[in-house]
Amino acid sequence: MDDVKIEQLGGVVGGFSPTSHVHSEGHVAWSALSAEDRARLDALFAKGAAVNANLRYRLTRQGPGGPQIIEATPEMIPDVLLRSITTTID
Amino acid sequence: MFPPSLVYDCRHATTLPGTPVANPANSADATVKRACVEASSVAKFYWDVFGRDSIDGAHMTLVSSVHYSTKFNNAFWNGAQMTYGDGDGATFLDFTLSNDVIGHELTHGVTQHSLGLAYSGEAGGLNESISDVFGSMFRQWEANQVATQADWLIGAAIIGPVAHQKGFTCLRDMAAPKAAHALAAQPDHYYPGIGNLDPHYSSGPPNLAFCKAATAIGGHSWDKAGKIWYKAQTGFGPSPNMTMPQFAARTRSLAQSMFASTPAVHAAVDAAWTAVGL
Ligand SMILES: [Zn+2]
């Protein structure tokens, strides 16, 4: 497992529009996560449910059969991942 | 008379709601004070203009959390409260600085308690558009502007210096969704399949339709166009998967029934939707 990517969707900014110039995302190495955070993420990825929420995050990690992608609301996500996010403008 | 407006300070943590702030309306922290006073002002706007008592129509306490996380570049409604980031100071400034952003977030709560629109599909685009529409209308109401004086920008006051340097002046421009000065330009015309894209993108056509209708009708946007949109939002019960053509049809029909003696209102609403392909 190499790293987990987190991308911010929604809120007032949006940021996932095809024409958006602003992108908020981050990466955390799997090896940098605590055992507790890894377990939390494993459970989240296993559940993989869609969320209907104003602000949500897309989490991506490489699984054995290719990339695993889920969406989650902030309270479901380890703080270290939320804090890895930075914003860029293109 | 107006619902209580409570503010919590996250002190840069990500746990909501955070620590309650005593007497937020008089806080020395300008962010706390703005979140409190502007949320109250949105409640006053909904009461004075539409006769709605708070977010749920039943005097719900307004809860706002500020200083969420560190350099957090967003503001959101989580189903129960508003939350504002401080911005990173480069792309975005403190999200409480734009009163239309505060109106936008609170309106997500009103939509949740009325139409109950989802956050994806065409319904998601309508959900975002309704928040932009009422956010912008609230800003015009605070400034006592008529529709033709308004700039129809969303988030103009939260744009940071780096974004400004690159020529961006707002998140979205309701009057010109495709404009290059918007951080996230939008289509200005509806097409089937638009609902598969981000709702902040698909909200472009209904945003432009409201702007065109309000401008053509003239006067204050909240007097006629706003009352039609409000009735379409709150007068018919939940419709979580409503499509854009359905919403357009509802406002056309309301324009006729609510302003029967002023056919120009229906004509303006009809022409506005037609212009955006709906
Ligand atoms: Zn929104």
Side-chain angles (χ1 to χ4, degrees), chain A residues 4-28 32-34 36-37 40-41 43-44 47-60 69-90, chain B residues 13-16 68-79 83-85 87-88 90-92 95 98 100-102 104-105 108 112 118-120 124 127-128 131-132 135 154-155 158 160 162-163 165-166 168 171-172 178 180 182-187 197-204 240:
Chain A
V4 183
K5 179 181 174 188
I6 180 167
E7 298 162 283
Q8 191 184 80
L9 285 73
V12 75
V13 171
F16 233 67
S17 303
T19 51
S20 181
H21 293 283
V22 55
H23 307 279
S24 291
E25 64 172 73
H27 298 259
V28 174
L33 291 163
S34 70
E36 189 195 338
D37 286 347
R40 234 174 121 187
L41 284 169
L44 263 183
K47 202 168 136 224
V51 290
N52 180 36
N54 177 223
L55 179 80
R56 55 195 192 277
Y57 293 88
R58 179 168 297 177
L59 306 181
T60 309
I69 301 171
I70 57 159
E71 289 186 6
T73 49
E75 71 281 0
M76 300 160 83
I77 300 170
D79 210 45
V80 63
L81 212 48
L82 292 172
R83 290 184 185 281
S84 72
I85 296 170
T86 54
T87 300
T88 53
I89 315 178
D90 59 34
Chain B
T14 55
T15 310
L16 292 174
Y68 174 80
S69 194
T70 305
K71 298 185 174 182
F72 182 69
N73 278 329
N74 221 330
F76 63 99
W77 165 259
N78 76 347
T83 302
Y84 303 96
D88 60 7
T91 304
F92 293 113
F95 277 72
S98 271
D100 52 277
V101 168
I102 294 177
H104 176 110
E105 294 313 327
H108 276 308
Q112 177 183 319
Y119 288 102
S120 59
N127 196 339
E128 280 310 316
S131 274
D132 279 352
I154 300 296
I158 57 165
V162 173
Q165 234 162 45
K166 292 176 185 264
F168 299 112
L171 282 172
R172 296 177 284 279
K178 286 172 132 170
L183 265 170
Q186 303 167 290
L197 295 156
D198 189 283
H200 302 78
Y201 180 78
S202 58
S203 57

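Chain naming here is simple, since letters A, B, ... match the order of the sequence lines and numbering starts at 1 in each.
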Colleague: Heavy-atom distances under 4.5 Å only: say whether Leu82(A) touches chain B with side chain, backbone, both or neither.
Modeller: side chain
Colleague: Taking all heavy atoms of Leu171(B) and all of Val12(A), pick out the closest pair and write down the distance.
Modeller: CD1-O, 3.7 Å
Colleague: Which bit of Asp88(B) comes within less than 4.5 Å of chain A, counting heavy atoms only: side chain, backbone, both or neither?
Modeller: side chain
Colleague: Give, as side chain, backbone, both or neither, the part of Ala90(B) having an atom under 4.5 angstrom from any heavy atom of chain A.
Modeller: neither
Colleague: Pick from Pro74(A), Ser24(A), Gly14(A): which one has the most heavy-atom pairs with chain B under 4.5 Å?
Modeller: Gly14(A)
Colleague: Hey, could you give me the NZ/CG distance between Lys166(B) and Asp90(A), rounded to the nearest 0.5 Å?
Modeller: 8.0 Å
Colleague: Using side-chain heavy atoms (C-beta onward) and a distance below 4.5 Å, is Ile89(A) in contact with Leu183(B)?
Modeller: yes
Colleague: Look at Ala184(B), Gly155(B), Pro187(B), Ser98(B) and state which one has the largest set of heavy-atom pairs under 4.5 Å with chain A.
Modeller: Ala184(B)
Colleague: Is a side-chain N or O of Asn52(A) found less than 3.5 angstrom from the main chain of Tyr119(B), in a donor-acceptor match?
Modeller: yes
Colleague: At a heavy-atom distance under 4.5 Å, which candidate from Asp79(A), Val13(A), Leu9(A), Thr19(A) has the highest pair count against chain B?
Modeller: Val13(A)
Colleague: With a 4.5 angstrom heavy-atom cut-off, could you sort out which part of Leu197(B) is near chain A: side chain, backbone, both or neither?
Modeller: side chain
Colleague: Can you establish whether the number of heavy atoms outside Glu36(A) located under 6.0 Å from its atom CD is more than 12?
Modeller: no
Colleague: What heavy-atom pair brings Val22(A) and Phe92(B) nearest, and what distance separates the two atoms?
Modeller: CG2-CE1, 3.9 Å
Colleague: Return the option, out of Asn78(B), Asn73(B), Ile158(B), Asp132(B), with the maximum number of heavy-atom pairs under 4.5 Å with chain A.
Modeller: Asn73(B)
Colleague: Heavy-atom pairs under 4.5 Å with chain A: which of Lys178(B), Lys71(B), Glu105(B) has the most?
Modeller: Glu105(B)
Colleague: Taking side chain as everything from C-beta outward and backbone as N, CA, C, O, which of these in Gln112(B) sits under 4.5 Å from a heavy atom of chain A? Side chain, backbone, both or neither.
Modeller: neither
Colleague: How long is the span from the OG1 atom in Thr91(B) to the NE2 atom in His23(A), to the nearest 0.5 Å?
Modeller: 11.0 Å
Colleague: Could you tell me the separation between the OG atom of Ser120(B) and the CD atom of Glu71(A), rounded to the nearest 0.5 Å?
Modeller: 8.5 Å
Colleague: Side chain, backbone, both or neither: which part of Tyr68(B) has an atom under 4.5 Å from a heavy atom of chain A?
Modeller: side chain
Colleague: Grab the two heavy atoms, one from His108(B) and one from Asn54(A), that are nearest each other, plus how far apart they are.
Modeller: NE2-ND2, 3.5 Å
Colleague: Can you tell if the side chain of Arg83(A) reaches within under 4.5 Å of the side chain of Thr70(B), non-hydrogen atoms only?
Modeller: yes
Colleague: Rounded to the nearest 0.5 Å, what separates atom OG1 in Thr15(B) from atom CD in Glu75(A)?
Modeller: 10.0 Å
Colleague: Quick one: does His200(B)'s side chain have a donor or acceptor within less than 3.5 Å of a partner on Gly11(A)'s backbone?
Modeller: yes
Colleague: Please report the C-alpha distance between Gln8(A) and Phe72(B) in whole Å, then the side-chain angles of each, then the deciding distance to 0.1 Å, and finally whether the side-chain contact (heavy atoms from CB on, under 4.5 Å) criterion is met.
Modeller: CA-CA 11 Å; Gln8(A) 191 184 80; Phe72(B) 182 69; 3.2 Å; yes
